[in-house]
Amino acid sequence: TGYIVKAKGLYYYKCNKKGCKCNLSASTMHEEFKELLAQYEITPKNIGPLKQQLLLTFEQMNRTIFEQKGEVENRKRELTGKIDKAEERFIEGDIDRESYHRYKNKIEEQLAEIAKEEQKLSIPLSNQEKFIDFSLEMCQKLSGMWGSADLTYKQQLQKAIFPEGLAYDRSNRTYRTGRVNSLILRIAELAKVSARNKKGNPSKLLKNSLQVPKVGIEPTHLTIHDFESCASTNSATSAFKIGAQI
């Protein structure tokens, strides 16, 4: 919890755990946190190969989504066809009413499960290049964005990057992180690969991996969702609003 020592005009953080009695300077902890954020920042010289890599990642992601959507549609048509055939047999007297309804209910349960799967498949990002440009721009100045933001945006940015929160080890004076936003982590990792490539040839980076990150960033509210769900047209379009506000 944050508090102010009015006599000094200084802010501190204290641990509310019973018996801990840990009090630390807010300014010191803020500087240490900006150092933590800086570990995930990238330099302008890496932007070119990183953008190519992310474009390929989006391309692969979109291809996968279209393939999955096709499979879902085929399964829906197949199951709907089974209901139609069962209805014909019922009308013609080949099966009784009870058997027909039991079979129909079974198929409808399967269709309901397919509908749940379908909801998880997002519409591929139409303006993916703008979304990527925003992500790369943000990753160049994470610590600066956090440092210049107000309290609300500080909290939102923290939750976006570290969705499971943070802990502080006072014995080592270091932050302990849980899960890191995997889009930001992926960009940082690719930047390190690019930095090790002495010739600056993006081909090594591009063939490093086309794995789609499982979790991404929703810039509108800076919350965590699946990478596919964050890569929607509305999300990317409104991303620039919070970027401008910060």
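Start at 1 with the first residue, then count along the sequence.
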Subject >> Cluster check Tyr100, Leu111: I/L/V/M/F/W/Y, side chain < 4.5 angstrom >> reply: no
Subject >> Set of residues satisfying ring-ring contact (aromatic ring centres under 6.0 Å, His included) with respect to Tyr40, sequence neighbours excluded >> reply: none
Subject >> Step-by-step salt bridge (charged side-chain N to carboxylate O under 4.0 Å, His left out) determination, Glu109 to Lys106 >> reply: CA-CA 5 Å; Glu109 289 176 3; Lys106 181 180 177 180; over 6 Å; no
Original post:
Where do Ala191 and Ile42 come nearest, in terms of heavy atoms and distance?
Top reply: CB-CG2, 3.5 Å
Original post:
How many angstroms lie between atom CG of Leu157 and atom CZ of Phe162, to the nearest 0.5 angstrom?
Top reply: 9.0 Å
Original post:
Which value, rounded to the nearest 0.5 Å, describes the distance between Ile114 atom CD1 and Glu78 atom CD?
Top reply: 8.5 Å
Original post:
Parallel, tilted or perpendicular for His30 and Trp146, by the 30°/60° rule?
Top reply: perpendicular
Subject >> Point-to-point distance, once rounded to the nearest 0.5 Å, from CD of Gln52 to CD1 of Ile47 >> reply: 12.0 Å
Original post:
Just wondering, more than 12 heavy atoms not from Tyr3 lying within 6.0 Å of its OH?
Top reply: yes
Validation: residues 83-96 side-chain donor-acceptor distances under 3.5 Å, sequence neighbours left out:
{"from": "Asp96", "atom 1": "OD1", "to": "Glu98", "atom 2": "N", "distance (Å)": "3.3"}
{"from": "Asp96", "atom 1": "OD1", "to": "Ser99", "atom 2": "N", "distance (Å)": "2.6"}
{"from": "Asp96", "atom 1": "OD1", "to": "Ser99", "atom 2": "OG", "distance (Å)": "2.8"}

Original post:
Would you call Arg75 and Glu71 a salt bridge, taking side-chain N to carboxylate O under 4.0 Å as the test?
Top reply: no
**OP:** Could you state whether Tyr11 and Leu24 fall into the same hydrophobic cluster, counting links through intermediate Ile, Leu, Val, Met, Phe, Trp or Tyr residues with side-chain heavy atoms under 4.5 angstrom apart?
**Re:** no
Subject >> Closest contact, heavy atoms only, Pro163 versus Arg179 >> reply: CD-O, 3.3 Å
Original post:
Should Arg77 and Asn74 count as side-chain neighbours, where that means a heavy-atom distance under 4.5 Å?
Top reply: yes
Subject >> Inter-residue atom distance Arg102.CZ - Lys104.NZ, 0.5 Å rounding >> reply: 14.5 Å
Original post:
Do Glu129 and Asp133 pass the side chain to side chain contact (heavy atoms under 4.5 Å, CB included) test, and can you show the C-alpha distance, the side-chain angles, and the key distance before you say yes or no?
Top reply: CA-CA 6 Å; Glu129 189 167 357; Asp133 287 340; 4.0 Å; yes
Subject >> Linked, directly or transitively: Leu142 and Met29 (ILVMFWY side chains, under 4.5 Å) >> reply: yes
Original post:
Below 4.5 Å, heavy atoms only, C-beta onward: do Cys15 and Arg170 meet side chain to side chain?
Top reply: no
**OP:** Step by step, work out the salt bridge (charged side-chain N to carboxylate O under 4.0 Å, His left out) result for Glu73 and Lys69.
**Re:** CA-CA 6 Å; Glu73 288 298 326; Lys69 283 181 174 290; over 6 Å; no
Original post:
Quick one: salt bridge (Lys or Arg N to Asp or Glu O under 4.0 Å) partners of Lys116, sequence neighbours excluded?
Top reply: Glu113
Original post:
Is Tyr13 reachable from Ile4 through a run of hydrophobic residues whose side-chain heavy atoms are each under 4.5 Å from the next?
Top reply: no
Original post:
Can any side-chain N or O of Glu41 pair as donor or acceptor with the backbone N or O of Ser143 at less than 3.5 Å?
Top reply: yes
**OP:** With side chain to side chain contact (heavy atoms under 4.5 Å, CB included) as the test, would you mind laying out the steps for Tyr103 and Lys82 before giving the verdict?
**Re:** CA-CA 9 Å; Tyr103 182 76; Lys82 288 183 177 181; 3.5 Å; yes
Original post:
Under 4.5 Å between side-chain heavy atoms, hopping through other hydrophobics if needed: is there a path connecting Val72 to Ile107?
Top reply: yes
Original post:
Between Lys141 and Glu137, is there a side-chain N and carboxylate O pair less than 4.0 Å apart?
Top reply: yes
Subject >> Reference residue Ile161; test side chain to side chain contact (heavy atoms under 4.5 Å, CB included); the match among Thr177, Ile184, Leu36 >> reply: Ile184
Subject >> Gln68 side, atom CD; Glu117 side, atom CD - distance, nearest 0.5 Å >> reply: 9.0 Å
Subject >> Any Gln60 side-chain heavy atom under 4.5 Å of Leu56 side chain >> reply: no
